[in-house]
*Asks:* 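There's a structure below that I have some questions on.
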Amino acid sequence: MAEMYIRIAEEENEEPMEIPSEDDGTVLLSTVAAQFPGACGLRYRSPVSQCMRGVRLVDGILHAPENGWGNLVYVVNYPKGRKMDEIDASSATKIKRGDQKTSDLIVLGLPWKTSEQDLKDYFSTFGEVIMVQVKRDVKTGNSKGFGFVRFTEWESQGKVISQRHMIDGRWCDCKLPNSKQGPDEPMRSRKVFVGRCTEDMTADELRQFFMQFGEVTDVFIPKPFRAFAFVTFADDQVAASLCGEDLIIKGISVHISNAEPKHNNTRQMMERAGRFGNGVCISSVFGKYFQRDLSRHVCLGVGMGEKGFWGQKK
DNA sequence: GTTGAGCGTT
């Protein structure tokens, strides 16, 4: 499909603007947002049902309806809270969503040979699966014998948790992961921490993805790769609303939390105090993040880097 | 090239 233009307007009866599609017929949310800042999606009125329909949005890419974009006028969606100012309304939807929202489930006891496709095939018998992962040794690629799965339907999740599973000849258990227990403390920052990133996620892709929630002002990915990123929004309420969520980017479940985590970890507290378990002291004049980086360096130097996770060991 | 309770590279 060649590049074409689709018609987009702020409101249904307003003068539309023509926006270019990509070569494959999709439209980037960023292209829309370039003309309609803060846009998070598109909708249109179905000529058949006369109802408003949402345009499918996956990882920042808008996909044409079944019969193509056609000559319809698409209407811009903005993040909730921008139009709906009442706190009651937003907190009501939050509670409603939070109640039956599915979580990643940990799958324990997997056979070493079980692949992600195997997991998907097995769990699809319980309902639509939106994410599967087998945790592997980074170096060897061998399975660690556990993984994660997420369903779209709450009912599927309930059924799966309530029973044992025979997968490739072994009994496996599915549970809510420990990392999921206990709610995150509230936050007043415009910046969120995005954990469990993979190395192939680019800053551009993260921006594309997160702009569906609100205007993104910055994306920071530490180099070398550290499996996390920081995303800053224009609006701190958007950041706060995402805190504690597990979002799926390119099939991977990433975890959103406070950009500046609470001091509840002994290691972190000692680092902050400038003292290490092995007695090495450093000055506390460094900034928090730099200090954390420095601590990694020091730790590697005194023999705590045996696993070589950070690629320093030769 | 091994293994079998656990918890996802701040």
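The sequence lines fix the lettering, A, B, ..., with proteins before strands; numbering per chain opens at 1.
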*Asks:* On DNA chain B, does the nearest nucleotide to A/Val107 precede the nearest nucleotide to A/Ser143 from the 5' side, or the other way round? Give the residue.
*Replies:* A/Ser143

*Asks:* So, do A/Phe228 and B/dT9 meet the stacking rule of ring centres under 5.5 Å and planes under 30°?
*Replies:* no

*Asks:* List in chain and number order the residues that pass ring pair (Phe, Tyr, Trp, His ring centres under 6.0 Å) with A/Phe210, two or more places apart in sequence or in another chain; answer none if no residue qualifies.
*Replies:* none

*Asks:* May I have the distance from A/Asp137 (atom CG) to B/dG4 (atom P), rounded to whole angstrom?
*Replies:* 17 Å

*Asks:* Among B/dG8, B/dT10, B/dG6, which nucleotide sits nearest the side chain of A/Ser253?
*Replies:* B/dG8

*Asks:* Roughly, in whole Å, what's the span from NZ in A/Lys175 to P in B/dG6?
*Replies:* 8 Å

*Asks:* Round to a whole Å and report the spacing from CH2 of A/Trp112 to C1' of B/dG4.
*Replies:* 5 Å

*Asks:* Could you state the CD1-P distance from A/Ile252 to B/dG8, rounded to the nearest angstrom?
*Replies:* 15 Å

*Asks:* For the side chain of A/Arg170, starting at C-beta, report the closest nucleotide among B/dG6, B/dT10, B/dG4.
*Replies:* B/dG4

*Asks:* What class does the angle between the rings of A/Phe213 and A/Phe209 fall in, given that below 30° is parallel, 30 to 60° is tilted and above 60° is perpendicular?
*Replies:* perpendicular

*Asks:* Quick one: sort the A/Tyr44 and A/Tyr74 rings into parallel, tilted or perpendicular, breaks at 30° and 60°.
*Replies:* tilted

*Asks:* Between C1' on B/dT9 and CE on A/Met201, what's the gap in Å once rounded to a whole number?
*Replies:* 13 Å

*Asks:* In terms of side-chain heavy atoms of A/Gln133, which of B/dG6, B/dT3, B/dG8 is nearest?
*Replies:* B/dG8

*Asks:* Please state whether the phosphate of B/dT9, meaning OP1 or OP2, lies under 4.0 angstrom from any side-chain nitrogen or oxygen of A/Lys135.
*Replies:* yes

*Asks:* Provide, to the nearest angstrom, the distance between the CG atom belonging to A/Asp173 and the P atom belonging to B/dA5.
*Replies:* 11 Å

*Asks:* Assign A/Leu110 to base, sugar-phosphate, or nothing according to its heavy-atom contacts below 4.0 angstrom with the strands shown.
*Replies:* base

*Asks:* Might you work through the side chain to side chain donor-acceptor pair (under 3.5 Å) test for A/Tyr78 and A/Glu10, ending with a clear yes or no?
*Replies:* CA-CA 10 Å; A/Tyr78 291 103; A/Glu10 192 97 29; 2.4 Å; yes

*Asks:* Using a cut-off of 4.0 Å on non-hydrogen atoms, how would the nucleic acid contact of A/Gly195 be classed: base, sugar-phosphate, or nothing?
*Replies:* nothing

*Asks:* Whole angstroms only, please: what is the CZ-P distance between A/Phe193 and B/dT9?
*Replies:* 11 Å

*Asks:* Ignoring hydrogens and angles, answer whether the base of B/dG6 and the side-chain atoms of A/Asn178 contain a donor-acceptor pair closer than 3.5 Å.
*Replies:* no

*Asks:* A/Leu108 CG to B/dA5 P: how many Å, rounded?
*Replies:* 10 Å

*Asks:* Does A/Phe146 stack onto the base of B/dG6, taking stacking as ring centres under 5.5 Å apart and planes under 30° apart?
*Replies:* no

*Asks:* Both conditions, 6.0 Å and 45 degrees, for the charged tip of A/Lys159 above the ring of A/Phe126: are they met here?
*Replies:* no

